[in-house]
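Here's the structure we're looking at; comments come further down.
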Amino acid sequence: MSRQVYLYDPPDRFVAGTVGLPGRRTFFLQASDAVRTTSVALEKAQVEALAERMDELLDEVVRRSGGSTTVPAVAPAELTDTAPLQTPVEEEFRVGTMALAWDGDGERMIVEAQALVELEADSEEEFAEAEEQLLRDDENGPPMLRVRLSGTMARAFAKRAQEVVNAGRPPCPLCSLPLDPEGHVCPRQNGYRRGPA
């Protein structure tokens, strides 16, 4: 069976979003064009890392070009996208690895999200060999979402992704861990809940 690649070059929309309540959210990347929508699930930390790396890569492009690039220094306000994910959200796969690249000729950010694959091996050597083979196998590898974005769209994606990550549960003022709606046992209070004063 050949590898399934969901290619958007460029998408009409590419966003990070969530389904569920804070504390129980599932994070998604969603790409869409006029005829289809692709949603892939991933971890909150992956969304955060992707947004940070995109901003860092775009900052480097601006720095190296001396400002003579179409990449904006910040996300343009007119591209702010606060709309929810398109429904129904149907997960194509869960993301295992992601990659970013900059196409200098086309001035495009390339985002690749590859499906999580469980490798079985009897030794570390066999595992490393299986992993290397998987990375080289473009023909029969796991499903992949590949998106090519303008610098402007990439900035807007990164800004929204950071906002989605930060929109979760508020942090405890003492320990900075997320506050649970059912109650928070704070390690800084040795596991005791503070009662009414």
Apply side-chain contact (heavy atoms from CB on, under 4.5 Å) to E43 and V47, showing your working. CA-CA 7 Å; E43 299 298 321; V47 174; over 6 Å; no

Any non-hydrogen side-chain atom of [X] less than 4.5 Å from a side-chain atom of [Y]?
X    : Y    : answer
R155 : P72  : yes
R13  : S32  : yes
M54  : L149 : yes
R3   : V5   : yes
V40  : R94  : no
K159 : E163 : yes
L145 : F14  : yes
V71  : T152 : no

Would you please say whether a donor-acceptor pair under 3.5 Å links the side chains of [X] and [Y]?
X    : Y    : answer
T69  : E107 : yes
T38  : E92  : no
R146 : Q114 : no
T37  : Q86  : yes

What's the spacing between [X] [atom1] and [Y] [atom2] if we round to 0.5 Å?
X    : Y   : atom1 : atom2 : answer
F27  : S39 : CZ    : OG    : 14.5 Å
E112 : T97 : CD    : OG1   : 9.0 Å
E91  : Q30 : CD    : CD    : 12.0 Å

Identify the heavy atoms of [X] and [Y] that sit nearest to each other, and give their distance.
X    : Y    : value
Q46  : V95  : NE2-O, 3.5 Å
A154 : M109 : CB-CB, 4.1 Å
P143 : F93  : CB-CD2, 3.7 Å

Practice prompt. Without swapping roles, check the side chain of R108 against the backbone of W102 for a donor-acceptor pair under 3.5 Å.
Written response: no

*asked:* With a 3.5 Å distance limit and no angle check, can you tell me whether D33 reaches the backbone of D12 through a side-chain donor-acceptor pair?
replied: no

Task: Intermediate values then yes/no, side-chain contact (heavy atoms from CB on, under 4.5 Å), T18 and L85 - done: CA-CA 7 Å; T18 61; L85 296 173; 6.0 Å; no

Can you hop from [X] to [Y] via hydrophobic side chains spaced under 4.5 Å?
X    : Y    : result
M153 : V62  : yes
L42  : L100 : yes
V164 : F28  : no
L29  : V15  : no
F157 : L57  : yes

Query raised in the report: Regarding R36 and the six-membered ring of Y8, is the cationic atom NZ or CZ under 6.0 Å from the ring centre and inside 45° of its axis?
Result: yes

key: Derivation and outcome, side-chain contact (heavy atoms from CB on, under 4.5 Å), residues R25 and K44   = CA-CA 9 Å; R25 299 185 295 172; K44 177 181 179 178; 4.2 Å; yes

Looking at R64 and E60, is there a salt bridge between them, counting it only when a charged N and a carboxylate O are closer than 4.0 Å? yes

